[in-house]
Amino acid sequence: MSSGARNGVATPERRARGAARPTKVWAGRLSARTSEQLERYTSSLAVDRRLGADDVAGSRAHARMLRSIGVLTAAQHRAIDAGLRAIAAELSSGVFTVSPGDEDIHTAVERRLFELAGPVAGMLHTGRSRNDQVATDLRMWARRACTDLLVALAGLQEALMTRAGEHRTDPMPGYTHLQRAQVVSLGHHLLAYVEMFGRDGLRLGAARLACDELPLGSGALAGSTLPLDRERVAHELGFGRIAANSMDAVADRDFAVELTAACALTMVHCSRLGEELVLWSSAEFGFASLPDSLATGSSLMPQKKNADVAELARGRSGRVIGDVVALLSVLKGLPLTYNRDLQEDKEPLFDAVDTTAATMRMLTEVMSAVRFDVAAMRRAAADPALQATDIAEYLVANGVPFREAHTIVGAVVARTLAEGRTLADLSVEEWRAASDRFGPGVVRLFDPDAALRRRDVPGGPGPRSVTRQLARARTIVARTRRAAAGG
Ligand code: ARG
């Protein structure tokens, strides 16, 4: 086959058939047969074929607009639209096939339209470039991804909130530096994650707003000489606004960065939760255990029961952080406007969205099913050392400056440790020997439930504070659900 034949421009039988579109969209300018290695290297079809439904939807809206401004006749529009609807059906049923020469999903859809509708297919690309087309498709995809992520996120928030409600007053040690620090409740601890995932919801909502701008009508970079009705296309595709600058429109991928970054931070939160689950389900902590259906075993050690899902949530966060870096790196050196580098935007974006959605769904199941050993947590929370700060604050209430109180209690801690005793072993007299500001109440400070009740400051782990936080958590979940519903 001659090079011209392969690119579909010169063979008499093609001209006679009339229906086949030249294999390459640039065949008028470049007549040589395209290297197969180049085709393999430049093709993005394996990645971007998931934009197919959005590509067809965008093309249908574009075609309707071309009809409305008189570029297409009614018959031409009918033929194009029928072809596009057939392609949409092929895509959704999975029978759409790609050809080796298809460079990306946009050229694949256009090729198929030629096959189905004949030469009239050649009118669809009027006033449009793949540059504004791909930016539009990707924004449509990303906008829907934000919604899907918000649905998954609301589920995770709700699971955490439910478990927090069950354990509103169950004491456990809170940690700093992974050393036991002060008493908190399991409910308080879990609600910290509802706050984190609540902020993720706001970021995903903001990312969706960033997606909500229509590039189509910007052409390759400089708009069009045709009187394109961009507002009409925006309205049809559900975009809130049209991009104000054609050069920005085709070169901008900020929305993809913002969504990927929102995913990365969500994954960091998932990772931290995963780390807690790994720690808590270790024999050293013994605070939690996964049902067998959500645990994994060892191929060698018969006794093992591992929290692999939590470890993978932790491990995969690294990849999504990498996705943000990959995307920013693609953008950082690009002169305006479109450069082929931008084709590399999809893998990190898709990966970030897929990984984050799957991780949130997995953690929702895990958090709903994890069994907490509240007795073990209570035993750990009863460690008298956790009350050292409360004892210092007891002195503060009796007029001792905090720094001085800290030193006094610190010295008592050091002495009891040296003597192999705990703070709870000291008599009132021994406390009074350390400071005459101690009264008889000091020996009653060690009950973890009482310690929780003392910490009812707004935002604290006290029972009333946690009740207020639970009410707030309900508003966070409701807000996330509203955002998921598009509100
Ligand atoms: N596959 C390309 C991408 O994802 C589509 C745009 C191609 N535009 C071009 N001028 N080569 O970016």
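Every number for a ligand or one of its atoms is a count from 1 in the order of the listing.
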Point to revise | Y193 and H269 aromatic centres sub-6.0 Å | key: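 Between Y193 and H269, the centre distance exceeds or equals 6.0 Å.
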
Check your understanding: Centre of F372's six-membered ring, under 6.0 Å away, within 45 degrees of the axis: is that where NZ or CZ of R163 sits?
Key ->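 No, cation not above the ring by the 6.0 Å, 45° rule.
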
Check your understanding: Is the Lys NZ or Arg CZ of R50 less than 6.0 Å from the centre of F350's six-membered ring, within 45° of the axis?
Key -> yes

Exercise answer, ligand 1 polar atom pairs (N/O) under 3.5 angstrom:
unit_1: ligand 1; atom_1: 1 (N); unit_2: S44; atom_2: OG; d: 3.4
unit_1: ligand 1; atom_1: 1 (N); unit_2: D104; atom_2: OD2; d: 2.9
unit_1: ligand 1; atom_1: 1 (N); unit_2: Q343; atom_2: OE1; d: 2.8
unit_1: ligand 1; atom_1: 4 (O); unit_2: K346; atom_2: NZ; d: 2.5
unit_1: ligand 1; atom_1: 8 (N); unit_2: N131; atom_2: OD1; d: 3.0
unit_1: ligand 1; atom_1: 10 (N); unit_2: N131; atom_2: OD1; d: 3.1
unit_1: ligand 1; atom_1: 12 (O); unit_2: Y338; atom_2: OH; d: 2.4

**Study point:** side chain to side chain contact (heavy atoms under 4.5 Å, CB included), paired with M360, selected from V151, T355, L156
**Key:**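 When V151, T355, L156 are each tested with M360, the side chain to side chain contact (heavy atoms under 4.5 Å, CB included) holds only for L156.
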
Practice item. For the residue pair F287 and Y175, categorise the inter-ring angle as parallel (less than 30°), tilted (30 to 60°) or perpendicular (more than 60°). Key: tilted

Review point. Can a salt bridge be assigned to the pair R230 and E236 using a cut-off of 4.0 Å between side-chain N and carboxylate O?
Key: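 Looking at E236 together with R230, the answer is no, because their closest N to O distance does not fall below 4.0 Å.
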
